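Following: one structure in structure tokens, then a few remarks.
It should be emphasised that the depicted structure is a prediction, and the values quoted were computed from it without experimental measurement. Reminder, nothing fancy here: chain letters follow the sequence lines and each chain counts from 1.
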Amino acid sequence: NAGVTQTPKFRVLKTGQSMTLLCAQDMNHEYMYWYRQDPGMGLRLIHYSVGEGTTAKGEVPDGYNVSRLKKQNFLLGLESAAPSQTSVYFCASSYGASGGWKNEQFFGPGTRLTVL
Amino acid sequence: EDQVTQSPEALRLQEGESSSLNCSYTVSGLRGLFWYRQDPGKGPEFLFTLYSAGEEKEKERLKATLTKKESFLHITAPKPEDSATYLCAVQAASNTGKLIFGQGTTLQVKP
């Protein structure tokens, strides 16, 4: 199993450009998440999904959109990139929020995005 | 407001010198407390989940404990390969699925 994969690994954008980050998981997980990680700020939740066709806002959703058309994929879009969106983006997945030991989230390797 | 604070921000140890990392939390009903390890340039790697006060879990040189207000990650006789950033996160009963992360403790173990 590949676990959680992310595409691309690195990207440089100019202000105003758009792009989509792709996350894929092969563990049949119901829940998927997008985080950003910035120095001194820790990991912050952008958007998440509790199942195919559903999405919800996290802590820092402004400037981002998401879609979950297939259970195994979760897309993060930047419609008009800004320098403040320079960050490392991580995708994660989990079995679901209910229950006990299945709650842990599994993370992908990250996408390093620079917006000039 | 749910919050997680980790201390210290950075910790330098000599190989074999045991120590503890702290994770203090305030949360409206704890569903679980999670510890992750993150190596430079990589995604967080799951270590432990703790669910109730008094619970302990061990993995090699690491031992995680939980009280009603904080969790400790004890590192016994660390080796240089234990060098990493250790992240603590909580999941509140009211926030389905969502984790709230602390800022992490960066551990450096020198040979």
Report task. Examine the side chains of B/Arg31 and B/Tyr51 and answer whether a donor and an acceptor come within less than 3.5 Å of each other. Result -> no
Requested in this report: Please flag which part of A/Leu43 lies under 4.5 Å from any non-hydrogen atom of chain B: side chain, backbone, both or neither.
Outcome: both
Query raised in the report: Are any side-chain N or O atoms of A/Asp26 and backbone N or O atoms of A/Ala2, one a donor and one an acceptor, separated by less than 3.5 Å?
Result: yes
Query raised in the report: What do the steps show when you test A/Phe90 against A/Tyr33 for ring pair (Phe, Tyr, Trp, His ring centres under 6.0 Å), and what is the final call?
Result: CA-CA 8 Å; A/Phe90 289 101; A/Tyr33 312 84; over 10 Å; no
Query raised in the report: Can you tell which of B/Gln38, B/Gln6, B/Glu9, B/Lys42 has the highest number of heavy-atom pairs within less than 4.5 Å of chain A?
Result: B/Gln38
Query raised in the report: Which atoms of B/Tyr36 come close to chain A, meaning under 4.5 Å heavy atom to heavy atom: side chain ones, backbone ones, both, or neither?
Result: side chain
Query raised in the report: So, B/Asp2 side chain and B/Ser28 main chain: donor-acceptor pair closer than 3.5 Å or not?
Result: yes
